[in-house]
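Here is the naming used below: chain letters follow the sequence lines, and residue numbers restart at 1 for every chain. Below, each value reflects all heavy atoms present in this structure, side chains not excepted, and no hydrogens, waters or symmetry copies.
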Amino acid sequence: MPPLDSNAGALAPFGAGAPLPLLEHLNPEQLAAVTLPAGHALILAGAGSGKTRVLTTRIAWLLQTGQASPGGILAVTFTNKAAKEMVARLSGMLPINVRGMWIGTFHGLCNRMLRAHHKLAGLPATFQILDTQDQLSAIKRLCKQHKVDEERFPPKQLVWFIAGCKEEGMRPKDVPVRDQETERKVELYQLYEQQCQREGVVDFGELMLRSYELLRDNDAVRAHYQRRFSHILVDEFQDTNRLQYAWLKQLAGDTVDGQLQAPGSVIAVGDDDQSIYAFRGARVGNMQDFVREFGVQRTIKLEQNYRSYSNILDCANALIDHNQGRLGKNLRTTQGPGEPVRIHEAQTDLAEAHWMVEEIRNLVKGDEAPRREIAVLYRSNAQSRVIESTLFNAGVPYRVYGGLRFFERAEVKHALAYLRLLENPHDDTSFLRVVNFPPRGIGARTLEQLQDAARAAGCSLHDAVSTMTGRAGANLTAFVALVEVMHEGSQGQNLRGIIGQMLQASGLVEHYRNDKEGADRLENLEELVNAAESFVTQEGFGRDAVALPLDEQRPALTQSPASQGLDASLPMAGPTESIDAETGETLSPLAAFLTHAALEAGDNQAQAGQDAVQLMTVHASKGLEFDCVFIGGLEEGLFPHENAMGERAGLEEERRLMYVAITRARKRLYLSHSQTRMLHGQTRYNVRSRFFDELPEGALKWLTPRQSGFGSFAPFSGAASAYRAGARGGFGYQPESLASPPVPQRKEAPGHGLRAGTAVFHNKFGEGKVLAIEGEGDDARAQVNFPRHGTKWLALAVAKLTIVE
DNA sequence: ATCACTCGTCTTTTT
DNA sequence: GACGAGTGAT
């Protein structure tokens, strides 16, 4: 989409001139969605139907035609990635400063609202956000303090319980108590809330719930935002939970006699067939509720798929048709049938991996697709191990999505904990995290005493330090003094200076420098300084973190009449001055950065840029697309997963998951299953997934002979279709007899294919050159020289080295 | 305080 | 089978 021509003609109100360039190349359904008249609407956007394009073009069109000002739009997504993408595309379409617009994640926007009205929301101005790790450690601490039997009430389960309550919008008093166990949990929920309040921290669920309550309980605030946001757009609506839906309703308007009086327009974009997050509270039913409660008049289906060939879409359509209660949608394409969907049966998980790698190499060799356009998808993370090692042995570069992200790494969290103490010394979670790290002679017993003292006095650990005596007291006092010194040293410094100073003064740098395995960690700490730097400059320390857009961040449609007199940066336009008074504050760069770190964990893509095969779970693949897709482990018990097969809802979600997986592929799709698989250290004999029987035969090509109807007629089909080896030995079920043409069991001989002079790539160290090889098999080591990190000996069985061609 | 050992877990995950 | 958390010994 070319950038908007900024002459007056192009900005003429809708209908006054030639068709807008913005609207070119849209199909009729897309055009209808983009130019919907004011009013609530549901857009059912199938996979690959140009959903993001429609969403962003709609916003651009609203702005361009003067129907909305930047400040009047609220667009909400689930992930930072999606929000960024929307912002990027929008700024490509219009010469607009999108920074001050309310485009972001649910949590990001809630945070923004709470920062602006922190007093009304009952929070300190500098409240910090607990991530899941922090939340768990806060709960553990609480459990210890209240002598909770952690056998009966595992902290993890409590976290889950509390998060679940909040997702349903329930405070402790709202939770129905059926039994003693629930009663105790509710009690702990309440204690946890008190603890968080005392420490000035909120978890993710709290961010959402507080923001909802702020709107619900405060007429002036609610009225203000309702007036302000004339256009609300929601992405991935099928993934919203009850609370998020309720939050949207508050923003949209007030309810009279069960019907929402919402003058503005709410556009919900989603796909019920791609709802795969029920396990974390997503409620597809919100789509039906939305239609009913908002009195939706217009529903538009985007069924034209621009991604895949029809064989692939036929599979997707046929599969999902087995689900009940769908809103109903069928993907179509004008592309031809393309290649058949290939199906392979392997004898073992290892053989399956070998087959995949062989196919991948052929694809790359035959120039069918670059490696980055090939994805291997799996249902559970455990499956990645075999595939990774096989790829590694074959010297095929690959990249695994998911895993530990930057701001979740231990050393980074340590550093952040120090920074948080600078902002708020009463943050006990952070206090405990670093009070003895690096070690300074403050042991568990001392901390127990300190916690008792703090509880007795009803104060923070920081304030309880003064009650401690003896050597322990002296050590604690020294720590508090250290924090105080760091705090004073940070005055008048920029963010980079503050962090640099903290890294030195805390002893973190010293500690990792003395640790022989600390090099990576030191590097990550340096990276933290860089992250802070780019946060301040490029990221413009703004969208999520700053209290509210201030004057210098005024977003405006430059040269556009539409923006005149309508200013996104005035949150409190209108007769609500009493609230207005609250909004003049900005967060310090440090506080803003800490918020950013909590709200956006960063990615783990150290090796971005490398042309590598993409490995990820099916969940992680949502929203992505690839030329060639492999889906492995299509076996009863694994996909569909055994834990989900019990009830229809669970099985249907598995089927949607499969639907998501299939629709990732543009050109080629490979499905595979294995007769046996190593799981939890035991070999399991698996039956082919029922999903194979739900695909249209005409679109398939069986690479290995199909065992007719085996999946459905297995002698032991049913809930427990996966059998443990040994438990059923001698049942007459011999994998050998059912085996298809034997998969060549190639022993990966020398495997690594490295020799002196080979150019290699390492996830951490980048490109380097092999100097020497030593040992064989699992003991093989290579000496590699990396320009940036010097020469290192790396065990090939451990280090991820790929050969650079 | 640090290491070595056992024990338990093991579907999916963003914020 | 493999990893992390928690515990006990030095």
Side-chain angles (χ1 to χ4, degrees), chain A residues 76-83 104-111 129-137 140 144 150-151 154-157 159-160 163 166-167 202-209 211 235-236 239-241 243-244 275-282 349 377-386 389 401-405 407-408 410 436-446 515 544 595-603 616-623 633 637-646 650 653-654 656-658 660-661 677-684 798:
Chain A
V76 60
T77 65
F78 274 87
T79 64
N80 289 300
K81 200 173 150 201
T105 62
F106 277 101
H107 293 86
L109 297 180
C110 286
N111 170 63
I129 299 164
L130 298 184
D131 68 15
T132 323
Q133 284 177 35
D134 300 329
Q135 198 187 359
L136 185 62
S137 68
K140 279 184 180 166
K144 287 236 167 62
E150 296 193 13
E151 297 274 273
K156 269 197 181 144
Q157 202 185 304
V159 168
W160 181 83
K166 291 187 179 180
E167 273 159 14
V202 298
D203 60 38
F204 288 127
E206 187 70 22
L207 226 36
M208 205 63 232
L209 184 51
S211 174
D235 191 18
E236 305 278 18
D239 288 337
T240 51
N241 61 35
L243 178 58
Q244 285 157 341
S275 165
I276 55 173
Y277 286 112
F279 69 92
R280 63 173 201 215
D349 47 355
L377 311 183
Y378 33 82
R379 173 69 242 262
S380 82
N381 283 307
Q383 288 169 256
S384 79
R385 186 179 302 278
V386 209
S389 72
Y401 273 68
L404 205 58
R405 325 248 282 296
F407 286 116
E408 291 167 357
N436 198 35
F437 191 95
R440 27 178 96 85
I442 300 169
R445 216 177 44 252
T446 306
D515 182 354
D544 281 337
T595 301
H596 166 81
L599 246 30
E600 197 166 345
D603 53 34
M616 67 194 82
T617 63
V618 178
H619 281 94
S621 76
K622 190 168 165 218
L638 186 57
F639 201 178
H641 198 275
E642 54 196 344
N643 297 2
M645 293 195 310
E653 178 140 320
E654 294 291 302
R656 290 192 291 269
L657 202 48
M658 183 67 188
V660 167
R677 185 171 297 275
M678 213 39 172
L679 203 61
H680 309 332
Q682 273 177 308
T683 304
R684 290 167 53 133
V798 183

Exercise for the section: Would you mind classifying the nucleic acid contact of A:Lys622 as base, sugar-phosphate or nothing, using non-hydrogen atoms under 4.0 angstrom? Expected result: nothing
Completion exercise
Applying salt bridge (Lys or Arg N to Asp or Glu O under 4.0 Å) to A:Glu408 and not counting sequence neighbours gives A:Arg405
Practice task
Under the ring pair (Phe, Tyr, Trp, His ring centres under 6.0 Å) rule, collect the residues that match up with A:Phe106, sequence neighbours excluded.
Solution key: A:Phe78, A:Trp247
Exercise for the section: Not counting sequence neighbours, which residues clear side-chain hydrogen bond (donor to acceptor under 3.5 Å, both in side chains) with A:Arg280? List them please. Expected result: none
Exercise for the section: Would you mind classifying the nucleic acid contact of A:Met208 as base, sugar-phosphate or nothing, using non-hydrogen atoms under 4.0 angstrom? Expected result: nothing
Fill in the blank from the handout: Residues passing the side-chain hydrogen bond (donor to acceptor under 3.5 Å, both in side chains) test with A:Glu654, sequence neighbours excluded, are A:Arg379
Completion exercise
Protein heavy-atom contacts under 4.0 Å, written 5' to 3' over nucleotides 8-15 of chain B as B (base), S (sugar-phosphate only) or - (none), form the string --BBBBBB
Exercise for the section: Could you tell me whether A:Arg684 and A:Glu642 have a side-chain N and a carboxylate O separated by less than 4.0 Å? Expected result: yes
Exercise for the section: For A:Glu653, enumerate each residue passing the salt bridge (Lys or Arg N to Asp or Glu O under 4.0 Å) test, keeping only those at least two apart in sequence or located in another chain. Expected result: A:Arg656
Problem - Residues that A:His619 engages under ring pair (Phe, Tyr, Trp, His ring centres under 6.0 Å), provided they are two or more places apart - result: A:Tyr277, A:Phe279
Problem - Chi-based syn or anti call at B:dT11, which uses purine or pyrimidine torsion atoms and a 90° bound - result: syn
Handout entry: Contact interval (first through last nucleotide) of DNA chain C with protein chain A, 4.0 Å heavy-atom
Key = C:dG1 to C:dG6
Practice task
Please list, chain by chain and in numerical order, all residues satisfying side-chain hydrogen bond (donor to acceptor under 3.5 Å, both in side chains) with A:Asp131, sequence neighbours excluded.
Solution key: A:Lys413
Practice task
Please work out if A:Asn241 contacts a base, only the sugar-phosphate, or nothing of the nucleic acid, heavy-atom cut-off 4.0 Å.
Solution key: nothing
